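Step one of this worksheet: look at the structure below.
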Amino acid sequence: MATPIGNLGDITLRAIDVLRRVDRIACEDTRTTRKLLNAHGIDTATSAYHDHSGERARAALLREIKAGAAIALVSDAGTPLVSDPGFKLVREALAADISVTSLPGASAPTTALLLSGLPSDRFFFGGFLPPKTAARRKTLQALRNLDASLLFFETAPRLAASLSDMAAVLGPRQAAVARELTKLHEELRRDSLEALARHYDSAGPPKGEIVIVVAPADPAQEGAEAVDLDAQLVSALAQASLRDAAATVAAASGLPRRQVYARALEISKRGEISKKGEISKGALKTAGSAKGSDKDGEEPA
């Protein structure tokens, strides 16, 4: 069941009733959950269930349930199973034909989305992005063309780097950084990804839990970026080999190297580079193909 993400008042009457009546409450941190329980006069027994609990803890909880006990699963904040280990317990409970129900409530991603002012009719929750730049950019590239707002959790120390990678891969989109949601010092900063990256790089890591919301791709902007990719390739091809030019542009743009190489090969084959290193009008007309597949060519190993 969902617990408050900051304000202790954000818990449903149904959740309070269930927490009082169950035999045990499984939670990430018993000390954190006890604060919530004390605030509502609940003395139900608690036990830890978190990332390091493993199969032994899940087996013990399932044995209790099979013996007739009622167990409530909560996270430290928000809705269980969203970026926490709860789904493993639910999966095994369902496999054992144990009845499972969910009590809805507070959720940081949806709260941030509603406050962001960005399109909320379609959205994709990506959890935590990979901590390393290369893996993070690869993940972002796979999400680049989704026609939906993108939501991510992020840690304070990695915030500036993640925003910078988003700006490089996703382009100049509008975004919002939400932190300390529902708490006294709640803050939501709205700007372009590039501007947000500069702000947090200068200001340093903020305090609190963080959710990033990124606007969907703009089709008009995507077309402009395709033309810009061609321009970068023409300039690079006038000074370097096909392989080196593609590698340079791929590194600068954050696009997959094979995709950039395929477009560079296409431009090279069509003779779209003038002696002055300028791109031809024909190249600009076919710029949209820069977002296509690798079928035009494949970079040698």
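Being a predicted model, the structure only gives us computed values, none of them experimental.
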Could you pull out the closest heavy-atom pair between [X] and [Y], with the gap in Å?
X	Y	result
A240	D244	CB-CB, 4.0 Å
A156	P205	O-CB, 3.5 Å
L143	L150	O-CD1, 4.2 Å
A176	R190	CB-CG, 4.2 Å
E28	D76	OE2-N, 2.8 Å
Y49	G86	CE2-CA, 4.1 Å

Within the distance-only criterion (no hydrogens, no angle test), does the side chain of [X] pair as donor or acceptor with the backbone N or O of [Y] below 3.5 angstrom?
X	Y	result
T3	S75	yes
D10	I5	no
S268	A264	no
T139	A135	yes

If I take atom [atom1] from residue [X] and atom [atom2] from residue [Y], how far apart are they, to the nearest 0.5 angstrom?
X	Y	atom1	atom2	answer
R144	R137	CZ	CZ	11.5 Å
R34	L37	CZ	CG	4.5 Å
L163	Y200	CG	OH	8.0 Å
E154	R179	CD	CZ	15.0 Å

Would you call [X] and [Y] a side-chain contact if the rule is heavy atoms closer than 4.5 Å?
X	Y	result
T133	R136	yes
E180	E187	no
P4	L36	yes
R263	V260	no
L159	P206	yes
H50	D29	no
L151	I212	no
R63	K66	no

Cut-off 3.5 Å, no hydrogens considered: what does the side-chain donor-acceptor table look like for residues 105-129, sequence neighbours left out?
{"unit_1": "T110", "atom_1": "OG1", "unit_2": "S107", "atom_2": "O", "d": "3.1"}
{"unit_1": "T111", "atom_1": "OG1", "unit_2": "S107", "atom_2": "O", "d": "2.8"}
{"unit_1": "S116", "atom_1": "OG", "unit_2": "L113", "atom_2": "O", "d": "2.8"}
{"unit_1": "S116", "atom_1": "OG", "unit_2": "L118", "atom_2": "N", "d": "3.1"}
{"unit_1": "R122", "atom_1": "NH2", "unit_2": "D147", "atom_2": "OD2", "d": "2.9"}

(request) Check salt bridge (Lys or Arg N to Asp or Glu O under 4.0 Å) between E194 and all other residues, then give those that pass, not counting sequence neighbours. (result)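 Only R198 meet the salt bridge (Lys or Arg N to Asp or Glu O under 4.0 Å) criterion with E194.
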
(request) Not counting sequence neighbours, which residues clear salt bridge (Lys or Arg N to Asp or Glu O under 4.0 Å) with K138? List them please. (result)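 Not a single residue meets the salt bridge (Lys or Arg N to Asp or Glu O under 4.0 Å) criterion with K138.
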
Between [X] and [Y], is there shared hydrophobic-cluster membership here, with clusters defined by ILVMFWY side-chain heavy atoms closer than 4.5 Å?
X	Y	value
V74	L81	no
I71	V18	no
I210	L170	yes
I11	L73	no

(message) Less than 4.0 angstrom from a charged side-chain N to a carboxylate O is my criterion; do K183 and E186 meet it?
(response)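 Judged by the 4.0 Å cut-off on N to carboxylate O distance, K183 and E186 do not form a salt bridge.
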
Which atom pairs, one a donor and one an acceptor, fall under 3.5 Å between side chains of residues 91-103 and the rest of the protein, sequence neighbours left out?
{"unit_1": "E92", "atom_1": "OE2", "unit_2": "R58", "atom_2": "NE", "d": "3.0"}

(request) Check side chain to side chain contact (heavy atoms under 4.5 Å, CB included) between E209 and all other residues, then give those that pass, not counting sequence neighbours. (result)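 Per chain and number, E209 pairs via side chain to side chain contact (heavy atoms under 4.5 Å, CB included) with no residue.
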
(request) State which residue, out of L196, D191, L188, fulfils the side chain to side chain contact (heavy atoms under 4.5 Å, CB included) condition with V177. (result)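 Testing V177 for a side chain to side chain contact (heavy atoms under 4.5 Å, CB included) against L196, D191, L188 leaves exactly one candidate, L196.
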
Enumerate donor-acceptor pairs with a distance under 3.5 Å from any side-chain N or O in residues 19-27 to protein atoms, sequence neighbours excluded.
{"unit_1": "R20", "atom_1": "NH2", "unit_2": "H40", "atom_2": "O", "d": "2.7"}
{"unit_1": "R21", "atom_1": "NE", "unit_2": "D17", "atom_2": "OD2", "d": "3.0"}
{"unit_1": "R21", "atom_1": "NH2", "unit_2": "D17", "atom_2": "OD2", "d": "3.2"}
{"unit_1": "D23", "atom_1": "OD2", "unit_2": "A70", "atom_2": "N", "d": "2.8"}
{"unit_1": "R24", "atom_1": "NE", "unit_2": "E64", "atom_2": "OE1", "d": "3.2"}
{"unit_1": "R24", "atom_1": "NE", "unit_2": "E64", "atom_2": "OE2", "d": "3.0"}

